[in-house]
Visitor: 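I'd like to ask some things about the structure below.
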Amino acid sequence: MSACDLLLTNAVVLTMDERFTVHRDGSLAIVGDSIVAVGPDTRGFDAAETVDCGGRVVMPGLVNAHTHAAMTLLRGLADDLRLDVWLMGYMMPVEREFVNPDFVRLGTELACAEMIRSGITCFADMYYFEEAVAEATSKAGLRAFCAQTVLRFPSPDATSFEDGLARARDFIERWRGHPLIVPGPAPHAPYTCTPEILRACAELAAEFDVPLHIHLSETLLEVEESRRVNGMPVIPWVKKQGLFGAKVLAAHCVHVDDGEMRALKNFNAGVAHNPTSNLKLGAGVAPVARMRELGVDVGIGTDGPASNNDLDMFEETRLAALLAKGIGGDPTALPARDALAMATRIGARALHMDAITGSLEAGKRADLIVLDVDPLHNVPAFTRDPGGIYAQIVYASKATDVRDVLCNGRWLMRDRILLTLDETALRAAAREYATRIDAFLVGREVSVLQKLVAIGGAVEQESFEVQVKARIPSPDRVRSAIEGRELTVIRASRYRQHDIYWSFDDPDQGRLRYREDEFLDEAGGVTGARSRLTLTGRTREDRFGAVLLFRSRYLAPATHSARFYREYFRPTAEHVVEKDRLRWLVAYRGVEFYVHLDRLVNPATEGWFVEVKSRTWSSRDARDKAHVITELLALFGASPDDTIHDGYVELAAGKTSSGD
Ligand SMILES: [Zn+2]
């Protein structure tokens with residue numbers, strides 16, 4: 001008689017092995033961290049501890065193929081927003097402010113408690129300070145593939161990409177060979193990385209023979225951008241950067257074509273399907289049935305709790321099965337048994353960890369759960385179809401039906417009591433964080449300026465400017481003055497300017513201008529473009545005759561689309577101004593001025609406008625320049641009576657409000 005540490009008896013053992021072997025009235029023997037026998041009969045074992053499972057199901061612990069565990073602390077922070085606004089407008093600014101090892105440790109502990117409670121024994125993570133994730137996870141007793149994020153811009157744990165890469169290397173070196181943790185690098189996504197980062201991460205993963213975790217082809221926009229910028233969709237592009245030299249776990253793959261799916265298969269890349277997150281962020285539905293047909297290892301993931309908003313793999317698996325049917329118009333697509341395999345053995349394969357977990361087989365680690373399939377919402381049960389048990393679990397079981405969880409041979413939950421984590425303490429600590437994060441966001445939302453600063457890139461630039469604008473019947477006098485001898489032209493350019501002005505209930509917030517300039521050549525062809533965002537906290541400081549002195553502040557390069565800013569700032573009014581502008585930098589009487597000859601296209605306006613402006617530094621300088629500007633105005637054939645004191649946006653606003 002051989003000895004074992006733990007013997008589970010009187011169970012319906014769902015092995016989830018390749019042949020989907022089920023042992024009714026089965027048992028399972030464990031020595032140390034591993035399964036030594038599974039079968040109908042393990043009476044030959046002399047067990048230190050025997051647990052009678054009372055006819056319940058014993059099955060592999062669920063594998064959560066993609067998450068950002070520590071983001072439990074950001075759960076419910078910002079919802080019902082588009083991916084870029086959600087990520088760049090909320091998640092990343094809050095992360096920059098709050099994410100440190102303490103945050104990550106607490107968030108991960110909270111996630112581990114939730115995951116254990118819902119029968120997860122292994123997960124794939126991607127975050128910052130991944131060492132803290134690994135520490136908290138191994139302490140909680142769970143198994144995980146922990147991947148350290150590398151980005152092209154500064155992140156909470158790295159000031160540069162080199163810094164992030166060094167951190168990833170250091171993390172892998174320390175954690176490699178750990179009994180519960182598989183470390184790896186995570187180049188966040190192609191659109192947040194450079195080709196250099198992708199290549200370096202792939203080489204790093206290959207060097208240590210660890211998997212690599214990345215987001216690929218999550219949204220249509222990402223794929224369209226890749227086509228536009230790189231001339232090809234996402235998968236071939238990352239292939240070109242050498243990504244598949246590593247064992248890849250690719251989250252999402254929502255928008256991939258047949259050729260790309262074949263490439264994923266050829267390179268043995270695993271895919272994490274995250275149905276709730278993809279639905280919630282409106283990303284779409286991954287072609288799971290087709291990927292499976294082509295032999296791609298597709299696991300199921302919850303994604304981070306900030307975009308789900310929970311870590312419930314029962315819910316996720318059920319949704320995966322239902323979506324495949326609904327999208328394919330085929331109720332036979334992704335049957336319950338296959339969906340459950342995705343949540344266990346195939347998920348483990350996607351993580352490149354199937355040698356040790358994902359199914360109940362002798363030699364694999366003892367990662368399993370005991371599931372009650374006899375609660376009210378799951379009775380009765382039929383025996384005619386042996387596969388019925390899978391449907392029972394996928395379509396009717398709930399996370400709360402998980403009674404016990406064992407990982408690496410250690411009990412983490414018995415009879416729904418957590419053994420490695422203190423739920424009450426976690427709740428209190430999480431609440432404390434929420435209070436602080438709330439206060440931070442409330443403070444930020446106080447002003448447009450603070451919101452602009454929060455998304456980064458805002459440069460405080462206070463400038464004083466004397467300027468005048470006048471309506472002129474014809475451009476001839478301006479042109480002849482420019483060509484004449486009194487002015488020296490330093491530079492000339494021509495563009496079409498599209499301005500969107502956003503205003504807010506409180507006029508003191510200033511006005512936000514999103515400007516897209518198209519540079520035009522002589523013939524009016526577009527030669528280039530640029531966009532800028534300016535918060536014109538524009539106040540009129542002084543007035544010298546018709547010439548006004550303005551103060552304006554804050555300029556940011558417009559790194560996002562107008563749509564992004566509109567959804568992020570939620571202005572109360574929007575006005576569009578479009579004009580053709582001829583611009584000269586001229587010297588007149590030893591002073592430099594900008595002269596603009598404008599024709600308003602939108603709102604369509606008769607006639608021409610001339611604008612003269614110059615930067616200024618003191619009120620004396622302003623007065624002197626105002627004097628010269630008045631002379632210039634006369635030279636251009638505009639009388640002080642023709643000047644307009646409001647900008648084009650007021651013209652646009654006037655048009656809009658009067659409706660003419
Ligand atoms: Zn993700």
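Just follow the structure's listing: the first ligand is 1, and inside any ligand the first atom is 1.
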Visitor: Decide, counting backbone as well as side-chain atoms, whether H252 has an N, O or S atom less than 2.8 Å from the Zn ion (ligand 1).
Guide: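 Here the distance criterion (N, O or S atom, under 2.8 Å) is not met by H252, so no.
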Visitor: Would you call the rings of H215 and H252 parallel, tilted or perpendicular if under 30° counts as parallel and over 60° as perpendicular?
Guide: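 Rings of H215 and H252: parallel, as their planes differ by under 30°.
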Visitor: How is the N/O/S atom of D303 that comes nearest to the Zn ion (ligand 1) named?
Guide: OD1
Visitor: Can we say R228 and E225 salt-bridge, meaning some charged N sits less than 4.0 Å from an Asp/Glu carboxylate O?
Guide: yes
Visitor: Fit a plane to each ring of Y127 and F103, take the angle between them on a 0 to 90° scale, and name the class: parallel (under 30°), tilted (30 to 60°) or perpendicular (over 60°).
Guide: parallel
Visitor: For the metal site, I want the angle between atom NE2 of H68 and atom NE2 of H66 with the Zn ion (ligand 1) at the apex, to 10°.
Guide: 100°
Visitor: If you measure from the Lys or Arg side-chain nitrogens to the Asp or Glu carboxylate oxygens, is any gap between R345 and E361 under 4.0 Å?
Guide: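 Looking at R345 and E361, the cut-off is not met.
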